[in-house]
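The chain is numbered in sequence order, starting from 1. Worth knowing before you read on, the calculation uses all heavy atoms, side chains too, and leaves out hydrogens, waters and symmetry mates.
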Amino acid sequence: MSNLQYHKTTNLFFSKLEQGNKSFFFKGKSTNPLKILTISSVFSSLRIKDEDLLLLYSLKESMDQLDLIITTKNIHVASIKIPLAKDVFKDAKFNKYPKEHITLLTNLVDDLLLKKKEEKKSLSDFTNKFKDFVNQKEDITQDFDIDYEFLQILKNEGEKIQNLAEDLNNNKRFSNTINTIVHKTDDALEFQAEHVILQDIIRVFNMIYPLSDTKNIIADTKIKFLLAFLFEKLQGNDIIASLSIERINKFVQSEKFNENIEVIKTASLFDLGADYKNEFLLPSLLKRLDSPHFANSGAFLYRIASLITKADGTISEEETTLLKKINNKLSHPKENLEGVTQTEVDENETLDDVMEELNELIGLDAIKNSIKELSNFLKIQKVREEKGLKNVNNSLHSVFMGPPGTGKTTVARLVSKIYKHLGYLEKGHLVETDRTGMVAGYVGQTAIKVEEVIKTSLDGVLFIDEAYSLAKDNKKDFGNEAVEVLLKKMEDHRDQLVVIVAGYPDEMEEFIESNPGLQSRFNRYFTFDHYKPKELIGIFELFCFKNDFVLVEAAKEKLQFIFDKLYEKRHKSFGNARVARNLFEKIIEYQANRIVSITPLTEELLKNIVEDDIPPVNKTVEEYLRFQKDEEEA
């Protein structure tokens with residue numbers, strides 16, 4: 001049962017409370033936060049983070065002398081907590097309370113338990129009810145409210161989101177990150193990607209449905225069926241595959257169907273807290289993880305929002321405004337940057353898989369050859385070691401030199417996996433950071449931050465971007481302290497840690513030369529060049545392919561002009577692939593705004609990026625060059 005339903009039940013209790021009893025009972029929801037802290041110190045078993053206050057009771061008729069608290073999970077009496085259960089107030093410890101009050105409290109707990117039981121049964125019945133229709137004889141021939149075209153769109157969306165959920169469930173970082181943002185409302189629930197996706201779908205539904213024309217029966221039925229289908233699909237049940245179109249249209253007319261839609265609408269799987277309560281959770285998580293699925297997740301939720309608004313074949317001005325607001329939230333979710341990110345290694349991945357991924361990278365021919373040569377060298381060193389022969393210096397610490405957006409981080413991730421598969425690192429994960437993740441503003445704290453980053457990186461690779469920012473002319477700068485601690489830890493953990501430092505070529509040469517310790521530990525250098533315009537087009541089309549978009553030829557030609565001019569006038573800080581990615585995200589926003597008022601919605605409209613979606617050539621070039629010039633001067 002959601003916390004909202006608990007509070008509704010409790011509010012009903014207070015609304016029926018007679019005047020003579022009102023001074024004994026207090027609403028938990030309206031309790032002052034400072035008062036809650038005082039209450040927590042008196043009732044030591046109370047855990048405010050895990051349970052909401054519903055009702056407070058005092059024989060002395062005073063908030064300062066409470067005898068009993070009922071929360072969403074327990075009944076608290078002094079230092080004792082008792083789980084919500086039937087007949088709990090028959091215990092002798094409650095004999096001092098007036099019988100009238102015992103009756104009231106018993107009825108409230110019974111109502112809370114009944115609602116919880118009804119909701120669980122209701123959701124279960126909602127799933128099982130479809131089975132009742134499977135064996136019915138088909139005898140309906142008519143034009144259907146939910147037609148074949150709508151079912152096909154839902155089928156495609158369902159398959160895409162199910163594949164995404166499966167992919168995310170295999171990502172340890174995704175699962176770990178959920179637990180840093182959300183809190184469970186049900187102790188038995190184990191977080192899965194499906195729960196996160198469903199939470200966002202319910203949010204989209206509740207944002208748009210109140211604006212929909214519910215008098216249009218066909219549109220109302222389509223919208224509700226969309227919610228029901230995705231709810232079932234994310235639990236592994238495919239309504240469309242198991243039921244004929246006749247049975248689907250018959251079922252959605254049933255009273256039970258509407259009752260359960262109301263239950264789904266109010267389902268609250270997570271307590272997101274103040275920071276994320278107004279955010280879409282899936283894009284927020286994927287943006288935080290810098291996941292390649294970020295754009296795809298936002299595009300999916302936007303398509304669901306579009307299907308809801310356009311179910312009646314029209315779209316109001318208010319709905320158009322709301323769609324734009326949703327699109328903006330999906331494209332720019334709240335981020336919680338901590339200066340350090342971590343990428344785990346897929347346990348099912350092989351060395352051949354990694355080398356194939358390296359080969360598939362666009363451009364980077366010189367880097368690919370260097371990595372292959374290094375891999376072959378390391379293989380031979382392992383064979384020599386196994387045969388008891390002496391090895392040459394196997395220092396794996398490296399310097400990646402090149403402008404931003406040239407694939408340095410991507411190659412570092414692949415290199416970390418190669419080291420693992422060749423037996424040089426046990427875990428082979430990659431930890432990414434920069435100055436912000438290593439340098440603190442107070443004496444003594446920088447060493448602690450560096451040690452924490454090193455500890456996280458053991459048995460893997462530590463990738464330090466813009467590493468030259470650690471070494472400044474001012475010897476009192478804490479960045480120099482970070483370098484000294486880093487060098488010591490590299491020596492202490494020389495068999496457990498590989499460090500890759502990255503940045504602009506000139507600055508990185510100065511950085512390495514600034515400290516003899518750096519010169520002795522870094523002896524492998526890789527130079528990354530700017531991507532050519534043709535390669536940038538290839539990168540852009542790869543983003544399109546991975547996110548179910550198609551770049552039509554006229555749009556491709558216009559985009560080629562942009563990349564040609566950007567490359568021709570590039571600064572040393574020209575963002576390369578980063579520019580391609582930023583342009584892709586901006587262009588799919590333009591595409592969404594272009595088609596927002598078009599009905600009916602077709603798959604071709606949703607996928608195609610046309611010439612009108614590409615921003616003006618000269619204006620775009622000026623904006624990106626000005627931004628990068630400002631960034632370079634900063």
_Whether the side chain of E585 engages the backbone of R581 through a donor-acceptor N/O pair (distance < 3.5 Å, no angle test) should be reported._
no
*Tell me, which pairs form a side-chain hydrogen bond (donor to acceptor under 3.5 Å, both in side chains) where one or both residues lie in residues 593-603, sequence neighbours left out?*
N156-E603, R594-D613
*Can a salt bridge be assigned to the pair E426 and K420 using a cut-off of 4.0 Å between side-chain N and carboxylate O?*
no
_For I598 against K310, the heavy-atom pair lying closest together_ = O-NZ, 3.2 Å
*For the residue pair F584 and F540, categorise the inter-ring angle as parallel (less than 30°), tilted (30 to 60°) or perpendicular (more than 60°).*
perpendicular
*Side-chain donor-acceptor pair present, N170, E166, cut-off under 3.5 Å*: no
*Given side chains that start at C-beta, do those of I197 and L234 come closer than 4.5 Å, heavy atoms only?*
yes
*Please name all residues satisfying side chain to side chain donor-acceptor pair (under 3.5 Å) with E466, sequence neighbours left out, ordered by chain then number.*
none
*Indicate whether any N or O donor in one side chain lies under 3.5 Å from an N or O acceptor in the other, for E589 and N328.*
no
*For D353, side chain to side chain donor-acceptor pair (under 3.5 Å) partners two or more places apart*: T350
*Using the side-chain hydrogen bond (donor to acceptor under 3.5 Å, both in side chains) rule, pick out the option among H429, E432, E357 that qualifies with R413.*
E432
*Which pairs count as salt bridge (Lys or Arg N to Asp or Glu O under 4.0 Å) when at least one residue sits in residues 539-554, sequence neighbours excluded?*
K160-D548, E541-K556
*Could you pull out the closest heavy-atom pair between T436 and K449, with the gap in Å?*
O-NZ, 2.9 Å
Would you mind writing out the side-chain donor-acceptor pairs for residues 295-307 within the sub-3.5 Å range, not counting sequence neighbours?
residue	atom	partner	partner atom	Å
S297	OG	F294	O	2.7
Y302	OH	A592	O	3.3
R303	NE	E157	OE1	3.1
R303	NE	E157	OE2	2.7
R303	NH2	E157	OE1	3.1
S306	OG	Y302	O	3.0

*asked:* side-chain contact (heavy atoms from CB on, under 4.5 Å), that's the test. Do Y209 and K224 meet it? Break it down for me.
replied: CA-CA 9 Å; Y209 186 73; K224 289 179 179 177; 3.2 Å; yes
*Tell me, please, which residues at least two apart from K265 pass side chain to side chain donor-acceptor pair (under 3.5 Å).*
E262
*asked:* Could you tell me if the side chain of V501 sits less than 4.5 Å from the side chain of F400, heavy atoms only?
replied: no
*Closest approach of I146 to I248 (non-hydrogen atoms, all atoms of both residues)*: CD1-CG2, 4.2 Å
*asked:* Distance alone, cut at 3.5 Å: any donor-acceptor contact between the side chains of Y590 and D612?
replied: no
